[in-house]
Amino acid sequence: MESKARIAVLVSGGGTNLQALIDAQNSGIITSGEIVLVLSNNSSAYALTRAENAGIETAVVLKKECADSAGFERKMLDELEKRKIDMIVLAGFMSILSADFVSHFPERIINVHPSLIPSFCGEGFYGLRVHRAALDYGVKVTGATVHYVNEIPDGGRIILQKAVSVEEGDTPEILQKRVMEQAEWIILPRAAELVAARILNERTA
Ligand code: GAR
């Protein structure tokens, strides 16, 4: 029996959260799981270079090369099943997964979202848009959330949250950087370890 949960990280962009996961694996914050695949829906995502630099296998599945969303998800599922993936971490993955896809990994997909859910979340809230909405509203505290992924966008059970202050003069870019540094890069690896440890426990139970 494998002694670690096999983790796939799904990415679309720069991959700073992927980097935090890789660093956490190297520093012993993640011990119950191992990242065995980085899967992207964008062939020019810098996250792919980060994975290659860390010696992690990569795969790219492009929506435009598939007949429809179902075909796109089928191809992703094939890549995941081929590597016997136990859990999925969405780390800046900019495509909403269908209820059908999610049903293949119940309580085994986690996502990092750059706000304190239930604020500034759901369809249309991603990346800098989230921080712009927080600044427009005028909140004084924001943060990040790691949650399980279910059929409702950003609607699954919360695993970890961390608050971050909004400062006078913040732009969406400045706030995004602070939320990443003070929250996302800390709670995503911790949550990944919690879920991987739970999966190992379920195996031996
Ligand atoms: C992160 O801030 C992540 O929370 C956000 O995209 C960024 C990706 O950055 N995700 C969402 O908005 C999902 N709704 P990264 O590629 O550097 O990790």
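Atoms within each ligand, like the ligands themselves, are counted from 1 in listed order. Along the sequence shown, the residues carry numbers beginning at 1.
At least one donor-acceptor pair under 3.5 Å links the side chain of Arg178 to the backbone N or O of Ser165. Checking side-chain atoms of Thr142 against main-chain N and O of Ser115 turns up no donor-acceptor pair under 3.5 Å. With hydrogens and angles disregarded, no donor-acceptor distance shorter than 3.5 Å links the side chain of Arg50 to the backbone of Leu18.
With a 4.0 Å heavy-atom cut-off, ligand 1 is reached by the backbone of Phe125 but not by any atom from C-beta on.
Not one N or O of Asn111 is nearer than 3.5 Å to an N or O of ligand 1, by distance alone. Looking at ligand 1, you won't find any N or O of Gln176 less than 3.5 Å from one of its N or O atoms. Considering backbone and side-chain N/O of Thr16, one or more are found under 3.5 Å from N/O of ligand 1. Checked against a 3.5 angstrom limit, the closest N/O atoms of Tyr126 and ligand 1 fall outside it.
Among all protein heavy atoms, the one lying closest to atom 9 (O) of ligand 1 is Met180 CE, 3.4 Å. Remark: minimum distance from atom 1 (C) of ligand 1 to any protein heavy atom is reached at Glu184 OE1, 3.1 Å. Closest to atom 11 (C) of ligand 1, if we only count protein heavy atoms, is Pro114 CD, 3.7 Å.
The shortest heavy-atom distance from Met94 to ligand 1 is under 4.0 Å.
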Can you check side chain to side chain donor-acceptor pair (under 3.5 Å) on Asn41 and Ser95, steps first, answer last? CA-CA 8 Å; Asn41 62 345; Ser95 179; 4.6 Å; no
With side chain to side chain donor-acceptor pair (under 3.5 Å) as the criterion, how do Lys4 and Ser32 come out once you've worked through the C-alpha distance, each side chain's angles and the decisive distance to 0.1 Å? CA-CA 5 Å; Lys4 291 194 186 222; Ser32 305; over 6 Å; no
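Counting heavy atoms only, Gly127 comes closest to atom 12 (O) of ligand 1 of the residues Gly124, Gly127, Gly14. Of the listed options Gly92, Gly15, Gly13, Gly15 places a heavy atom closest to atom 16 (O) of ligand 1.
Distance check: Met87 CE to Glu107 CD gives 12.0 Å after rounding to the nearest 0.5 Å. Summarising the geometry, atom NZ belonging to Lys63 is positioned 7.5 Å from atom CD belonging to Glu73; distances are rounded to the nearest 0.5 Å.
By the 30° and 60° cut-offs, the orientation of the rings of Phe93 relative to Phe72 is parallel.
In summary, the atoms of ligand 1 found under 4.0 Å from a heavy atom of His113, numbered by their order in the structure, are 14 (N).
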